[in-house]
Each structure stands twice: as C-alpha cells, then as structure tokens.
Amino acid sequence: MMNRVAVALLAALSGTAGAQLPVDSALAAFIGRIRAVDNHSHVNTAVPRDSEFDALPLDGLLPSPTPVRLRPDNPELIGVYRTLYDYPYADLSDAHLTELRATMVRVQRERGTSFPEWLLDKAGIEVMLANRIAMGPGLAPPRFRWVSYVDALMLPLATTAERAATPDYAALYPLEDRLLRRYMKDLGLARLPATLDAYLRTVVTPTLERQRREGCVAVKFEIAYLRALDFDAASRAAANVTYARYVAGGAPPRGEYRNLENFLFRYIARESGRLGMAVHIHSFEGGGGYYSIAGSDPLLLEPAFNDSSLRRTNFVIVHGGGMYAAHAGALLSKPNVYLDISAMTIVYSAATLAPILRSWLEQYPEKVLFGTDAWGTWDVYAVLGTETARRALGVALTAMMRDGDVTRERAQELATMVLRTNASGLYDLHLR
Ligand SMILES: [Zn+2]
C-alpha cells in the first residue's frame with residue numbers, strides 16, 4: 001500500500017489529467033445524461049456471499065499480476081467512493097478504508113433487495129445485463145436482464161486430458177462439470193443419454209429453452225478460459241462416434257474431443273439464435289497467469305461467423321477483443337457480429353479507450369455496445385466503468401467533431417447509440 005501523501009498526490013494528478021483530456025463540455029453534459037444499457041456485468045444479488053455471479057470465478061487460480069487500475073490503491077476510487085458512499089477523505093489509508101467497508105455493509109443491509117436498483121440509478125444505468133448462473137433477489141426485469149452460461153453444455157465428456165495442460169485448467173474444468181450436472185438436475189436427469197442425438201434433444205435444447213423461458217436475452221461462452229476460439233467446421237459423424245464411445249467413461253483423445261466441442265459450439269449458437277438469444281463470447285487478454293492470450297483472438301471465430309447456418313444468431317464479442325480490438329472491429333463487417341467495451345472500461349484509461357472507440361465508430365457504429373464487466377465489488381466497478389466509458393466517448397467524439405468527421409448532432413446520436421439504443425435494438429428492450 002502506498003503512503004497516504006503519495007496516494008493523495010496521485011489523486012490530484014489524475015484529476016488534473018482527466019480535466020485536460022480534450023472534451024467538448026456541452027457534449028460531455030449530454031453524454032452524462034444518457035441512461036445507459038450495460039451489456040455485460042457479474043452483478044451480485046442482494047443475498048450475502050452470493051456465489052452465482054460467474055461460472056468460472058477466478059479466485060481459485062494461482063496469483064498473477066493485477067492491472068494497475070484494478071489495484072485497491074487506484075486513486076480514481078476515491079471519487080467513486082465519494083459518489084456512492086459519501087466517502088469524506090482524499091486518501092485511501094487503511095483506517096479510512098476500514099470505515100468505508102463498514103459503510104458499504106450498512107448501506108447494502110439497509111437497502112436490502114432494492115440495493116442493486118439503487119446502484120444503477122447512482123451509475124446512470126437504466127438496464128444492466130447480468131451474466132450469472134442464475135438470477136436472484138434484487139435482480140429482476142426490466143432493470144436487470146439475464147445472460148446465462150453455456151460452456152458446460154459443450155463439455156459432456158471427461159476432461160482429464162484438458163485439465164492436465166495447466167494449473168488454471170485443472171481448477172476451471174471441474175466447475176463446468178458441476179454446472180452441467182446442475183443443468184441436468186434442473187431437467188430431472190440423473191445421467192447423460194447414450195447418443196449425441198439424444199443429448200442434443202434431451203439436454204442441450206431443453207436447457208436453452210428453459211433459460212429463454214426464464215428471461216435470458218443472451219447466452220455466454222467464457223470458453224477462452226478453457227481453450228482457443230477456433231471453432232472450425234466439425235464432422236457430425238465423428239462427433240456421434242466420440243460421444244457414444246466415451247459417454248459412459250474414459251477420456252477422449254484431445255483431437256476427437258475438439259471436434260465434438262466444435263460441433264456443439266455451432267449447435268448451441270444455432271439453437272440460441274432460433275430461440276432469440278444473442279451469443280456472447282469472452283475475448284480479452286486475461287485473466288489468470290496461464291490464460292491463452294493468443295487463443296482468445298476473435299479472428300479465430302471467423303470460420304464460425306462465416307457459417308451460413310448461423311446467420312440468424314447474433315454474436316457479441318465481449319470486451320471488444322481487448323488487445324485484438326482491431327480484429328474485433330474488422331469482424332463487425334459480418335451482418336450478425338457486435339462487440340462491447342466491457343472490461344476495457346475498467347482496465348483501460350479513458351485516454352487509451354478513446355482512439356479504439358473512434359476507429360470502430362468511423363466504420364460500424366451500430367454494432368458497438370457499452371459495458372462494464374462489473375464484478376466482485378460490482379457497485380464500485382459499475383460506476384468506474386460507466387464514468388470511463390462516458391469520458392472516452394466524449395474524447396473520441398470531440399476529436400471527430402473537431403476534425404469535421406461528424407456534426408454535433410451526429411456526435412450526440414453516436415453517443416446515444418453506444419450507451420443505449422444499439423443494445424435496446426439488439427435485445428428488443430424498447431428503449432428510445
Ligand atoms: Zn465478464
């Protein structure tokens with residue numbers, strides 16, 4: 001932990017730097033009033049110690065470096081704490097943070113099930129998509145909309161070989177096993193059916209249909225935590241054989257399992273589209289010390305995006321591909337591909353995010369969605385992410401106005417699209 005003087009000094013400096021980012025003040029005020037739709041979050045329910053905010057929580061992984069903006073001594077947090085909890089201090093000393101934590105617990109207890117909505121109002125978010133295993137107290141439509149997890153449906157066979165590859169895989173694969181058991185229990189099934197056809201008919205499709213019935217607007221793959229995103233065309237016949245041979249026990253060879261996974265990925269995507277749910281796919285440079293960054297390049301998804309049988313499915317590249325932002329932007333030329341800026345709004349500064357946003361807005365502004373990826377102390381990250389997004393949009397659009405690329409009216413329209421109406425159109429939220 002830095003000493004108190006250094007933290008306070010940093011806070012002052014970052015405040016100054018923020019003020020110096022060139023943003024048109026009338027435009028900034030306009031952007032500040034837009035009630036946002038957050039495309040991606042891991043919001044908690046009002047239940048203490050809620051554990052259903054992620055199918056693959058990263059707490060079980062070996063320690064790895066934390067990006068600077070996520071560290072508890074990030075001086076930007078002072079402003080966020082002030083906005084949310086009337087934090088009266090200009091530093092982040094241990095004593096003051098202890099006091100803050102007590103305030104947070106008290107406010108959450110006092111507000112009970114209304115806490116999540118109270119937080120949305122504070123952050124200027126009208127609708128938050130909740131990427132969770134299940135919804136719960138405090139998280140109801142229309143303010144909160146469910147995004148489920150479907151990776152587990154892709155992994156019906158033993159993953160012994162996969163788990164051996166890295167310590168992260170060893171920790172994460174068993175969680176998918178557990179989730180598939182839960183999905184089967186929800187359907188009243190004790191064991192997997194003997195054939196792939198029966199598995200699709202009695203487990204995969206009914207699970208997706210149940211999720212849709214219970215309000216899902218999208219399903220999420222966080223499969224980049226478990227393997228690369230190259231879901232190439234698969235042999236159905238070979239998938240049938242692999243499934244039938246190993247469903248009762250034993251681990252399939254890696255190549256055979258990949259073919260089955262590829263087949264199931266496309267099947268799940270097709271069914272989700274048929275049911276009116278978008279498909280979210282995690283693509284970012286992390287997290288975890290063994291995470292495959294090369295394997296999360298969204299360009300690896302191009303063969304799947306070019307599958308003509310998947311054109312009724314809308315895909316969203318969640319986190320905008322991170323360091324592969326240019327690749328994600330190029331993929332927006334596919335009619336059914338979108339992206340969001342979640343996680344970027346928390347990990348990157350507004351100054352770093354602004355030119356990325358501009359490059360996308362110059363080509364396919366209808367496909368760019370706002371998001372935070374708020375998790376853990378989600379209340380804090382919802383505000384930090386929203387403020388960062390508004391500032392980055394202000395910087396990008398001010399530069400576009402200055403260069404004569406857009407009028408002020410069009411700049412306002414673009415900000416509204418990214419923060420609100422693009423998502424409203426994609427999920428039929430009927431917001432104007
Ligand atoms: Zn996430």
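For ligands, and for the atoms within them, numbers begin at 1 and follow the listed sequence.
- Scanning both residues, Ile31 and Leu419, for their nearest heavy atoms gives CG2-CD1, 3.9 Å.
- With a cut-off of 2.8 Å, the protein N/O/S atoms near the Zn ion (ligand 1) add up to 3.
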task = Give the intermediate values and the outcome of side chain to side chain donor-acceptor pair (under 3.5 Å) for residues Asp86 and Tyr81.
result = CA-CA 7 Å; Asp86 300 321; Tyr81 296 152; over 6 Å; no

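- Between Phe263 and Tyr267, the ring planes are parallel. Angles under 30° get that label, and only those over 60° would be called perpendicular.
- Ring pair Tyr225/His282 is tilted by interplanar angle, where 30° to 60° counts as tilted.
- Here the closest heavy-atom approach between residue Thr345 and residue Arg69 is recorded as O-NH1, 3.0 Å.
- A distance-only check finds no donor-acceptor pair linking the side chain of Trp378 to the backbone of Phe53 [under 3.5 Å].
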